[in-house]
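Notes for the one structure printed next.
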There are 2 protein chains.
Amino acid sequence: MRKKESTDYANEQSLFQLCERNSAINMISGRWKGQIVYYISLGNDRFHLLQQKLPNISEAVLARQLKELENHAILVKREIPDTIPVGIRYLLTNKGVDLVPILDSLCNWGKSYADGKKIVVPADNNVIDLG
Amino acid sequence: MRKKESTDYANEQSLFQLCERNSAINMISGRWKGQIVYYISLGNDRFHLLQQKLPNISEAVLARQLKELENHAILVKREIPDTIPVGIRYLLTNKGVDLVPILDSLCNWGKSYADGKKIVVPADNNVIDLG
DNA sequence: CTGTATCCCCAACGATACTG
DNA sequence: CAGTATCGTTGGGGATACAG
């Protein structure tokens, strides 16, 4: 547990208060979160389906990331009736659904520059030469 | 340094390869990055101005975050001529400028739900009651 | 003014064994 | 099937002293 008296904790909270931008970044920071939300949006709504899509994730880590996304109300768990052992579906909330296009634009942003879009500084119009 | 043989490193790289979404999230993950990019976009382009805007950040941390943003070509450093000691301006590249509206939409996304927008699950139309 | 060097602490990721 | 418990390792944030 992060200590509530630490500067670390205080800094985090003050940033969250300053602007929702910071808590939003915090909600999607986590190695697998973007990919998990994406796969669930495509209908991979079971634990084992996500494991298949993310073959290198450990059970403990997947469970943790799902719980964090649930705590942020990005997804919810629903039990599938009359199944033994009980099956669980992961469903995006409207908050989670609203996140998807934002993650898409992040994806496109990164992709356009990874694909060779020139980096320039608008202030001086000089092209940056990346090593 | 993260060891290149570790599973940790391999997982990170495979996610970056899988989709730019993941490397983009990685670029903006870092406690102060969103706020730094925002303040620079408003014209706070000096180290000491950023320190004023972010009073709780330590010099070491600010320098680290700026260097990471520079490594991702989101900003560049420009020396101010004929200054002793030498002054540095931080300028957003076009890549950095393109990031700003995405961070804004992230901000609005978080804000709308923080402000009381109802959380529902589109699949079943049930309203979620958050404690 | 804009950093670097050093050290401490904690949280995230990961591996594995176990459970209802 | 969908987890929990535990533990090891690493990396990020922070404080402080020092430097060009």
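Lettering follows sequence order; numbering is per chain, from 1. Values in this document were obtained by computation on a predicted structure and should not be read as measured data.
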Counting just side-chain N and O atoms, does A/K67 come under 4.0 Å of either OP1 or OP2 of D/dT4?
yes
Whole-Å distance between [N] [atom2] and [X] [atom1]?
| X | N | atom1 | atom2 | result |
| --- | --- | --- | --- | --- |
| B/Q13 | C/dC13 | CD | C1' | 15 Å |
| B/E5 | D/dT9 | CD | P | 15 Å |
| A/L62 | C/dC13 | CG | C1' | 13 Å |
| A/E12 | C/dC10 | CD | P | 15 Å |
| B/E70 | C/dT2 | CD | P | 14 Å |
| A/D8 | D/dG12 | CG | P | 13 Å |

Looking at B/E20 and B/S23, what are the two nearest heavy atoms and their distance?
OE1-OG, 2.7 Å
With a 4.0 Å heavy-atom cut-off, tell me which residues in residues 16-54 of chain B come close to DNA chain C, sorted by residue number.
B/R46, B/F47, B/H48
Heavy-atom side-chain proximity of B/L103 to A/I25 below 4.5 angstrom
yes
Does the side chain to side chain contact (heavy atoms under 4.5 Å, CB included) test come out yes or no for B/I28 and B/V37, once each step is laid out?
CA-CA 9 Å; B/I28 62 169; B/V37 168; over 6 Å; no
If you find the nucleotide of DNA chain D closest to B/Q65 and the one closest to A/R89, which residue's nucleotide is nearer the 5' end?
A/R89
Starting from the 5' end of DNA chain D, give me the residue, A/K77 or B/S6, whose nearest nucleotide shows up first.
A/K77
Using a 3.5 Å cut-off and no angle test, enumerate the donor-acceptor pairs between side-chain atoms of residues 45-52 of chain B and protein atoms at least two apart in sequence or in another chain.
residue : atom : partner : partner atom : Å
B/D45   : OD2  : B/R89   : NE           : 2.9
B/D45   : OD2  : B/R89   : NH2          : 2.9
B/R46   : NE   : B/I88   : O            : 2.9

Does the side chain of B/S14 come under 3.5 Å of the side chain of B/Q17 through a donor N or O and an acceptor N or O?
no
With sequence neighbours excluded, what pairs up with A/N11 under the side-chain contact (heavy atoms from CB on, under 4.5 Å) test?
A/T7, B/R31, B/W32, B/N56
Pairs in or reaching into residues 100-115 of chain B: which pass side-chain hydrogen bond (donor to acceptor under 3.5 Å, both in side chains), with residues at least two apart or in two chains?
A/D98-B/Y113, B/K111-B/D115
Which atom pairs link the protein and nucleotides 15-20 of chain D when you take only N or O atoms and keep those under 3.5 Å?
residue : atom : partner : partner atom : Å
D/dA15  : OP1  : A/T7    : OG1          : 2.9

Using a 3.5 Å cut-off and no angle test, enumerate the donor-acceptor pairs between side-chain atoms of residues 120-128 of chain B and protein atoms at least two apart in sequence or in another chain.
residue : atom : partner : partner atom : Å
B/D124  : OD1  : B/N126  : N            : 3.0
B/D124  : OD2  : A/R78   : NE           : 2.7
B/D124  : OD2  : A/R78   : NH2          : 2.9

Kindly indicate, with the supporting measurements, whether the criterion side chain to side chain contact (heavy atoms under 4.5 Å, CB included) is fulfilled by A/V76 and A/E70.
CA-CA 6 Å; A/V76 292; A/E70 189 188 3; 5.6 Å; no
